[in-house]
Structure formats: structure tokens, C-alpha cells
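Notes for the one structure printed next.
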Amino acid sequence: MIEIILLFSSVLFIFALKLFGRPSTAHRANTFAILAMGLAVFSAFNFDFSKYDSVFYITIFVSGLLGVVISKRVQMTQMPELVGLFNGFGGGASGAIAYVELSKSTLPLSDYFVAIFSMAIGMFTFSGSVVAVLKLRGKLNANYSTIATIFTAFLPPLLLLPGIWDSLFLERWGISILTLEYFILLSLIGGIVRVAVIGGADMPVVIAFLNSLSGIAAMSAGFIVNSIILIIAGALVGASGIILTLLMCSAMNRTILQVLKGGFGSTKVNNEYEKDPISTSPEDVAIQLSYAESVVIVPGYGMAVAQAQAAVKELTNTLKDKDIDVKFAIHPVAGRMPGHMNVLLAEVDIDYDDMYTLEEINREFSSIDVVIVLGANDVVNPLARTDETSPIYGMPILDVDLAKQVIIVKRSMSPGYAGIANPLFINDNSKMLFADAKEGLEKIVKSFELV
Amino acid sequence: MIEIILLFSSVLFIFALKLFGRPSTAHRANTFAILAMGLAVFSAFNFDFSKYDSVFYITIFVSGLLGVVISKRVQMTQMPELVGLFNGFGGGASGAIAYVELSKSTLPLSDYFVAIFSMAIGMFTFSGSVVAVLKLRGKLNANYSTIATIFTAFLPPLLLLPGIWDSLFLERWGISILTLEYFILLSLIGGIVRVAVIGGADMPVVIAFLNSLSGIAAMSAGFIVNSIILIIAGALVGASGIILTLLMCSAMNRTILQVLKGGFGSTKVNNEYEKDPISTSPEDVAIQLSYAESVVIVPGYGMAVAQAQAAVKELTNTLKDKDIDVKFAIHPVAGRMPGHMNVLLAEVDIDYDDMYTLEEINREFSSIDVVIVLGANDVVNPLARTDETSPIYGMPILDVDLAKQVIIVKRSMSPGYAGIANPLFINDNSKMLFADAKEGLEKIVKSFELV
Amino acid sequence: METIFLLTLLITFLASFIGYELISKIPQTLHTPLMSGSNAISGITLIAAILIYPEVGESQFLKIIVLTALALATINIVGGFSVTGRILEMFKKND
Amino acid sequence: METIFLLTLLITFLASFIGYELISKIPQTLHTPLMSGSNAISGITLIAAILIYPEVGESQFLKIIVLTALALATINIVGGFSVTGRILEMFKKND
Ligand SMILES: NC(=O)c1ccc[n+]([C@@H]2O[C@H](COP(=O)([O-])OP(=O)(O)OC[C@H]3O[C@@H](n4cnc5c(N)ncnc54)[C@H](OP(=O)(O)O)[C@@H]3O)[C@@H](O)[C@H]2O)c1
Ligand SMILES: NC(=O)c1ccc[n+]([C@@H]2O[C@H](COP(=O)([O-])OP(=O)(O)OC[C@H]3O[C@@H](n4cnc5c(N)ncnc54)[C@H](OP(=O)(O)O)[C@@H]3O)[C@@H](O)[C@H]2O)c1
């Protein structure tokens, strides 16, 4: 009976993953996944709920409540942090399970290595995720690559140590608790160091990668506790995390190893501009827009930081009222998480059909009257097409420079994540509106009333 | 050890199926599949080759040789028949295995039903495939729908009979050999009747469907003999056959049930033409072509029947020598098997890049100077777009009628598979070249020398 | 036992393969909900916590660790699904 | 035994799912080689013939039936792969 429930639950997990693949079925996907999870959890009890004491149930209840509260409170712009944090939790849980199993002396030999693997991956995921979250929040900016190099160099002897230790002091074959704890420490430090060297804007890739690791940790925990559903769900998450990571990397034209090695954007390149940009005012922008027939808005990281979604919606409404065609051009790695811009725009009810992917919109730019680049930078940098020495060379970009007029809304001339100058800013058909994305847009909307 | 080989073999089968999905990797796919099959067969011997007598090895050897000879001899136009025949063999083999297992009295109860299922499906596949091959060869044309209706109506009592029989005359629980043979007979007749009612041009769909069934028969045989590799490979074939069947049906805008019900094309529709078509001569066609800048060739069932591939290649060369752009428009169900036209054209070295799918080429027809429709009919019938009462209404077609000039090469005004008139033939910009596809083309090429 | 282990390995491979295949065709728009959804699924390790809790025996220390795992996994699951639901809600009202 | 059966069922499901997913994105050009290739694979039932041949015992009749199955499956496999190779060869020389 239990086995049939588990079979059913596995099938549901797979269909959930499949349904996540289409916008029209994605919300059903979540329901499927919840159902699958519910069945799996239910069957784990094996119809014997009395084996568990009240502390157990209270823990589940309280943490479930906590989960709901956190998830309801968080703002959509903080999504990446939240996913990162939860990831760490999942990894930590798997690591803890593996530790408990390892400290039992009854574990069969073949499971030892799987368990140590699961423990290490889980703990690595945990500490790595915490660092990733801190980086995303901007709480950790320094470059830790020297520490990382030293740590990596010392890792092999550090890993050998417990073997020597155990063979000296341990009588039965196995692993001492002390060694286990030492391994945990190493994994935790490993997670911290590895993530610390990676630049803040690469955190989305790191989070997808850690997500994959947390799946792998769960999968290997499944091998220890003999749970097929754990193995299947873990494998699904592990594999989907990997492919997501690879997709993201290829959208930035970098390999996963380059990303994980870290240090991106730290090499200094020539950031001088040959001439001054033309700057403009909200009033002028409003006038310009009112003469346009087609407008494309390119949201970027700055839009998310400034929380300018509502203002974007307001401007869109204003423009549509004047029968101006408004489209959104979404670069695959714009913002802080893949697909993040789509979510932020959907949050303020911007029509799904108005959001265009890179391939779709790039064909159209030459016939667009005005493009508004809103806190985006690297994803519209034409050097990716022209300058072979540029670190972003080869990354597919939005060809906004082909449009008739480009207005860039950002606070200064400072570079984006890749740390390089953007010649788009000094193009003849570009104008800079120096402002916070939200305030800038609000002023433009206000100016419309005066036009 | 054996188990690890089998594990590896399963993995190879899956990667083979994946590699079949891209033109650049498809030939490696076959190698992978052969390797997987080799490993699976090898492991079935379980390192004990002495258990088998010489009759056994001779059978394998002779039939292997036979397989090679048949496959080398067959012409590419007979591909569908060959695939159909082999299908039947696979199904028949599974059915025979199930019969042997059933006649042992040691089979556990739970396997009885699986085995009967496997036997029935296998035998059905066998006889159905044979009929399908006969139909494809044009050896069976009549419409057997009344027989089918009668058979279907009597099936339930016919199936009940052996139960009564066995309960009367059989002492132990189980199934008598007589009943088994009776079931085999029913399955064989079932296969014949079911396929006989389906029109000849629907045979490709039927063959894909029977392919799926042969996979399912193998899979269930796997459950009886406890072979995981049989189950996996069988399931892969079963599932891929089903989706292939569905893809084909949707390319004809019909459901699988409609196809399997049969009787398509037997309803009589108005096949009168309002006016006479304009007919033309090979010489005129040659002149017309020599003034064209862009030519599209649409091959159809008639091209395959006439074996006109080599002539097509010759014409293409002639045209390309004159710097005329030549493209091929391949409808998904043109010919006698999905993708069949691609294979035939590839056989005579026509460039893969010159073959266009329906979606790709339909955008271009309006700028094409001359379209040559070569033994195709239904796939270029504009009624599919305009006439709601037509049996092919809604089927995506090649919009050749948008081109500047259309030349149709076929032997008469007779309709194609769907049995309906084609208004394209009497369009103002259409001309008919009444000829066998191969002879017609050869004459056109010859005329070029005179131009 | 050995057969079961090999069947399990096979299942692991098949599931990973499916995970990989399914995600490789997902459109970019859905990357955020997908990440968040699969993140929630990775809390499946809750099952392991449930399974081993009755077996930890006397040790208060191990009990606390299992409870910690239980809490972390539960937050991961419940929070993860709830936030995925919120994200998808935003897409849904667009339809 | 029961576990093995359920694991097997799971594998059946996973393999079918993979078959379905993989083929649903195949381009039309490859339909013929795919049909022919998967047709060859369906001869896998050869394995069953190999497995049961030593167990049929005395009965000459059953022996002949197994040999028939063996022959049919072998032709299916060898012929199927060989013809698929021929078809693919035609595509290859195009590259
Ligand atoms: N999305 C992902 O999954 C992902 C993953 C990995 C890496 N990345 C990387 O992240 C980058 C994303 O490109 P992007 O164009 O979106 O961002 P970006 O290139 O990092 O540029 C963001 C710009 O926003 C501006 N900005 C910051 N705060 C602002 C505010 N409050 N108001 C207005 N403007 C503000 C900044 O200029 P000021 O300081 O002058 O205002 C900055 O130049 C790419 O390099 C990509 O490779 C993304
Ligand atoms: N490919 C598949 O997988 C598949 C599967 C199921 C159904 N079908 C059906 O098959 C049909 C395929 O369409 P189609 O346009 O390729 O064929 P079609 O509509 O059946 O027409 C073929 C035409 O070829 C002509 N023809 C026959 N022998 C010829 C020869 N030796 N030389 C020149 N012409 C010859 C015939 O006209 P004459 O007798 O006047 O020469 C006939 O009108 C569709 O209705 C489709 O739904 C295809």
C-alpha cells in the first residue's frame, strides 16, 4: 500500500516538473508538486503516527508556520535571497541526517561513503547558501580569492589528517565522531570560501548550482535511509539544477567553471569615455515619448534594486492611453535571477504578451521609435558584439542601439556588473536621464500631465 | 557483473533514442543502439554458452544473415513495407515467447494475465503487420468494414467462451492449451480485421502504431521472463511509437481514433472540375524554368511510386547550373511514411539544407517563380484551407497556389488518397504536365538541351 | 539485495535523465518559479528525518539534530511551495 | 519480491516517459530512421528467447516455437539495424 502511494508520488513529481515547463500549466505544476510531497510525507509515517512524540509534531507545525510567514512577508525583489536561504536549509537538513546515520555504528560499510558524501555536500550547500544570501544583500563585497587559494592548497592534507587520526585512536573499523565533526567543519568552511570568491552578480548561477547540490544531497540521503522517493525527487532536483546552471552560463557566454572560479569583473579595463554623454530631463523624455508610436522598455538590475515596478506600470498605462505601443525586452540574465524581470513585471500586472525574449525583440529594434533602458547596463552593451577583448564579448545582447532613440535611466555613468564602460551611453541617438529608476519614471509620468 | 552490463545497456538505449533526435547525431544513435543490443544479448547468455545446442546457434546465424540480405536488397521506396514486416516479426516473437511461458504450468498467477496480454498483443501485431504490408504493396484494396463490424460485435461472447470451456473441462486452476490457441487465433484475426478496414494511405500511421504495440508486447514479455532490459527497451519503443503516431495524426489534422476506425476516403464527394485544366508539354516547362530565378519542387507519393529520385537530382543539377535557386518543400505526410521524402531525396545526394519543412517554406511561396508539384496531390490541396466540408479541412498544406507559376506533374486528373478533387489544378497560374513523374522529368531535362 | 541496489541505480539514472531533459526546454520566463519550485522539492529530505526519528534512541543530542533537520526541511518545503505559489499567482492573473 | 515488482513498475513508467519526451521533439526528417531504428529495438524480445530456450525441456513443439521466436527476433534486430544504417548513410554523405 505504502509502496503504491510512493509510486504515485514519484509519478506526480515528474509530471509536476513537466508542467513547470509551460506558462499555461505552471501553476498546476505547483499543486502537483505539493500533492506529491504530501503523499510522500504521509507515506513516510507508514500509518503509525503514535511512534512520534509531541516535540516532533510541534517542531513540524512551528517550522511549517514559520515557512508560510517568511514566504508571505518577502518582497518579490528579495526572491533570490529567499530561494538561496531555503536551499541552504534543504542542504543542511540532508547533511544533518547523514551525520546522525553516520554516528550510528550499525551502518553497512557500503553506505559509509555515500553518507560522508551526503554530509559533506549538505553542509557545503548550507554554508555556501548563507554566504550567497549575504552577497546578494550586499553585505559581503570584498574579494576573498587569496584565502580561497590557500584553503584549496591545504585541502588535501586536511582531508588526510582524520584518516591518520582514526587509524591511531580508533579500535573498530569506522569513523570517529570527532572525525565526522571535523569533516563537517571542513565542508562548512569549503562552502563559505568557494562562494565568497564569486562576484555578487554571479550569485544567481551559484544559487542554481547550490540548488542542484541540495538535490544531490537529498538523493544520497535517500540511498542511506533506503527511500526511493528521496532518490527520485533528489535526482530530479539535482539534474534540473545542473541544466538550469548551464543554461544561465551559456546566456552569459561563459562556462560553469569560469563562473565558479570566481574573480569575474575584478580585472580593470579602460573605462574612460571619449566624450560626454547627452543628458536629458524627465520633461524632455515625456515630450519625446508623446511623439513616439512604439516604445520598448528594457528593465535591468537597477529596476529591481530601485523597486520601480509600480512606476513602470504607471508609465505603461500612460503611454497606452495615448495609443503608443509598449513592449518589454527581457534579457535572459537581466536582474538578479533568471526570469526575475518577468516575475517583477508580472507582479504589477504587466501583460505576459507584452514581454519579449531577446530573439523575438532583436528583430524589431530598428523599427522602434524610443527605447527606455531602465537600470540595465551589460545586457545592452554593444561591446559584446564588437570588442573581442571585452570580458562580455560573445554574450548575446539586446540590440537597443539600432533603435531610433535610446533613453538610459540610471544614477551615474558607473559601470554594471561586468565593470566595463558602455559605448551605448555616448551614442548619437542616446540620452542619459540621471536618476534613480523609480523616481525618474515617476517624474516622467508627472511631466506627461503638463505636456 | 551481468547486472552492471544490463545497466549500461539500458543507459545506452536511452542515449541512442536521444541521439536519434538530431540529424547530426542520428548515425551515432544507430551505433549506440547496436552496442546496447549487443550487450543485452551477450548478458542474456550469462557467460554460459554451452547451455545451447547447435540448432540454436544455427538459427541465430541463419536468421541474422537473412536479416542482412533482406535489408541490403530492399529499395528505399519499399522502406515502409520493410519496417512493417520487421515490426510484425518482433510482435510475433513476443507472442510466441508468451505462449511458451503460458504452456508451462509453473507460471505464477500474477504473470498469467501479463502473459496472455503479451501473447494477444504480439499476435495482433504480427497479423496486422502482414496485412499492412500487403496494403502498402497494393495487394489488398477492398473495404472490409462490414466484416470488421460483425467481428467486433461478436468479440465479447467469443472471449467469454474459453472461460466457460475451461471451467467445465479443466481440473487445476489455469488455462488449457486449447484455450490459448483459441486466443491466438482470435488475436490473429483481430489484427487482420482491424488493419484491413484502414485505407492504404493511412498505413504509415498504422505501422507506427503497430511498432508501438510490438514494443509493448516486448515489455510485457519482460515482466514474464523477469528481464529489466526487455522492459526498458520495450517501454521506450512503446512510448516512442505512440508519440510518433500522434504526431503523424496531427499532421493530417485527424485523431488517432479516426484513423484506426478506418473508412477514410470512402465517402464519395463531388469530384467534378468546373473547367478544364491547362495542360503543358515538357518543352514548354523547360522554357518556363529557364526564365525562373527560384524554383520549388514538391515531391509526393507519386514521386516515390515512379522512383523518380534520380530524375529529380538531374533536373536539380541542370537548374543549379543555370544559377537557378532550387528548394524542396517537404510536407510532413507526403509519401508513404513520415520523413520518407527526405530519405528518398537524400538517397540521390540532394542537399539536406535544400529541404524545407512546411512552416519554413510556406512563408516564401509568394516570392517563388515556379513550383513543380511532383506526384503530390492532397498535400497541396487548397480546399484544406477553404472548404469546411472537405475531409482534409484543417490539415496544414503547402501553399503552392501563392507562387507565380505552378506545374503539376501527374498521370491524370484522378484524385489522391483523400479521394477529392484539387482546385489547384484548374487555377489560372497552374499547368498540368500529364506524365509519369520519372518520364516527365527526364523529358524536361532533355528539352533543356534544346533550349 | 544486489538486484534492488541495481534497480535503484537505474532509477536514479532515469530520474536524473528526465530532470535534465524536462528542464532543458523550459522558457526563460519560468526560470524563477522553476528554481523556487525545485528548491521546495529539495526539502524532500524531510522524509529521511521522519524515517530516522523513531530510531535515534536515547541520545538527546542526536534527537536535537534530527529535529533541526526536520525544522529546516519543513521550512524549506512549506516556505518554498508557498513562495512558488505567490510567484505563479502573478503570472496567472495575466491570463 | 514485492519491492522489486514496484521498482520495476517505476522503471517501466520512467522509461516510457523518457521515450515519449525524447520523441516528441524529433524533427520530421528523422521520422523514417527513427521508426526503423526503434523497430529494430523492438526485437529485444530475442533476450527472452535466449533466456527461456534452455528451460523448455523435452517438448519438441515448444522448442520449435522458441526457435521461431528466436529467428523472427533476430531478423528484426539485424535487418532493422542494417536498414537504419543504410538510411542514415544517405543523410551522412550530405553533411
Ligand atoms: N540575471 C541573472 O541570472 C544573472 C546571473 C549572473 C550574472 N548576471 C549578470 O548581471 C548583469 C545583469 O545585467 P543588467 O544590465 O541587468 O545589470 P548591470 O549590467 O549589472 O547594470 C545595472 C545598472 O543598474 C544601475 N542601477 C543600480 N541601481 C539603480 C537604481 N536604484 N536606479 C537606477 N539604476 C540603478 C547601475 O548604474 P548606476 O549605479 O549608475 O545607477 C548599473 O549600471 C549581467 O552582467 C549578467 O551577466 C545576471
Ligand atoms: N506520409 C505519411 O506518413 C502519410 C500517412 C498517412 C496518410 N498519408 C496521406 O497520404 C497522402 C499523401 O499526399 P501526397 O500529396 O503525397 O499524395 P496523394 O495525395 O495520395 O497523391 C499522389 C498523387 O500521385 C500521383 N501519382 C501516382 N503515381 C504516379 C506516377 N507514377 N507518376 C506521377 N504521379 C503519380 C497520383 O495521381 P495520378 O494517378 O493522376 O498520377 C496521385 O494524385 C495524404 O492524403 C496524407 O494524408 C500520408
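Proteins get letters first, then strands, A, B, ... in listed order; numbering begins at 1 in each. Just so it is clear, the model here is predicted, and its values are computed rather than measured.
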task = Start with the C-alpha gap between C/Leu51 and A/Ser227, add the side-chain angles, then the distance that decides, and say whether side chain to side chain contact (heavy atoms under 4.5 Å, CB included) holds.
result = CA-CA 9 Å; C/Leu51 291 176; A/Ser227 162; 4.1 Å; yes
For the residue pair [X] and [Y], what are the closest heavy atoms and their distance?
X: A/Val83; Y: C/Ser36; value: CG2-CB, 3.9 Å
X: C/Ala71; Y: A/Thr59; value: CB-CG2, 3.9 Å
X: C/Gly19; Y: A/Leu17; value: CA-CD2, 3.9 Å
X: A/Gly64; Y: C/Thr74; value: N-CG2, 3.6 Å
X: A/Ala26; Y: C/Leu30; value: CB-CD2, 3.9 Å
X: C/Thr12; Y: A/Phe223; value: OG1-CZ, 3.4 Å

So for [X], is it side chain, backbone, both, or neither that comes closer than 4.5 Å to the heavy atoms of chain C?
X: A/Arg73; result: backbone
X: A/Ile232; result: both
X: A/Leu246; result: side chain

Can you say whether [X] sits under 4.5 Å from chain A via the side chain, the backbone, both, or neither, judging by heavy atoms?
X: C/Phe61; value: side chain
X: C/Ile77; value: side chain
X: C/Ile41; value: both
X: C/Thr68; value: neither

task = Please lay out, stage by stage, how C/Leu22 and A/Ser240 fare under the test side chain to side chain contact (heavy atoms under 4.5 Å, CB included).
result = CA-CA 8 Å; C/Leu22 285 182; A/Ser240 69; over 6 Å; no
Under a 4.5 Å cutoff for heavy-atom pairs, which residue among [options] has the most contacts with chain C?
options: A/Phe13, A/Phe45, A/Phe89; value: A/Phe89
options: A/Val343, A/Asn211, A/Leu236; value: A/Asn211
options: A/Leu247, A/Ile60, A/Val55; value: A/Ile60
options: A/Ala233, A/Gly122, A/Gly215, A/Gly238; value: A/Ala233
options: A/Ile14, A/Asn30, A/Val225; value: A/Asn30
options: A/Asp353, A/Ile216, A/Asp53, A/Leu65; value: A/Asp53

query = Taking C-beta and beyond as the side chain, do A/Ser103 and C/Leu62 meet within less than 4.5 Å on heavy atoms?
reply = yes
query = Side chains of A/Met248 and C/Met35: closer than 4.5 Å at any heavy-atom pair?
reply = yes
Just so I understand: if I count every heavy-atom pair under 4.5 Å between each of [options] and chain A, which residue has the most?
options: C/Gly37, C/Gly43, C/Ser24; value: C/Ser24
options: C/Asn76, C/Leu14, C/Thr84; value: C/Asn76
options: C/Val83, C/Ile26, C/Ile44; value: C/Ile44

message = Which label fits C/Tyr53 and A/Phe56: parallel for a plane angle under 30°, tilted from 30 to 60°, or perpendicular past 60°?
response = tilted
Using 0.5 Å steps for rounding, measure from the [atom1] atom of [X] to the [atom2] atom of [Y].
X: C/Leu72; Y: A/Ser63; atom1: CG; atom2: OG; value: 8.5 Å
X: C/Phe81; Y: A/Ile34; atom1: CZ; atom2: CD1; value: 5.5 Å
X: C/Ile47; Y: A/Met37; atom1: CD1; atom2: CE; value: 7.0 Å
X: A/Ile228; Y: C/Ile11; atom1: CD1; atom2: CD1; value: 4.0 Å
X: A/Lys18; Y: C/Glu21; atom1: NZ; atom2: CD; value: 11.0 Å
X: A/Ser212; Y: C/Asn39; atom1: OG; atom2: CG; value: 12.0 Å

message = Under a 3.5 Å distance rule, please check whether A/Tyr52 uses its side chain to pair with a backbone N or O of C/Ile50 as donor and acceptor.
response = yes
ask   = Counting distance only, does the side-chain N/O of C/Arg86 pair as donor-acceptor with the main-chain N or O of A/Val74 below 3.5 Å?
value = yes
key: A/Asn342 side chain to C/Thr32 side chain, donor-acceptor N/O pair below 3.5 angstrom   = no
request  = Please name all residues satisfying salt bridge (Lys or Arg N to Asp or Glu O under 4.0 Å) with A/Glu181, sequence neighbours left out, ordered by chain then number.
outcome  = none
ask   = Does OH in C/Tyr20 sit with more than 12 non-hydrogen atoms of other residues, nucleotides or ligands closer than 6.0 Å?
value = no
query = Heavy-atom count around A/Tyr57 OH within 6.0 Å, excluding the residue itself: above 12?
reply = yes
message = Could you go through C/Ile65 and A/Tyr99, starting from their C-alpha distance and side-chain angles, then the distance that decides it, and tell me whether this counts as side chain to side chain contact (heavy atoms under 4.5 Å, CB included)?
response = CA-CA 9 Å; C/Ile65 294 200; A/Tyr99 172 76; 3.4 Å; yes
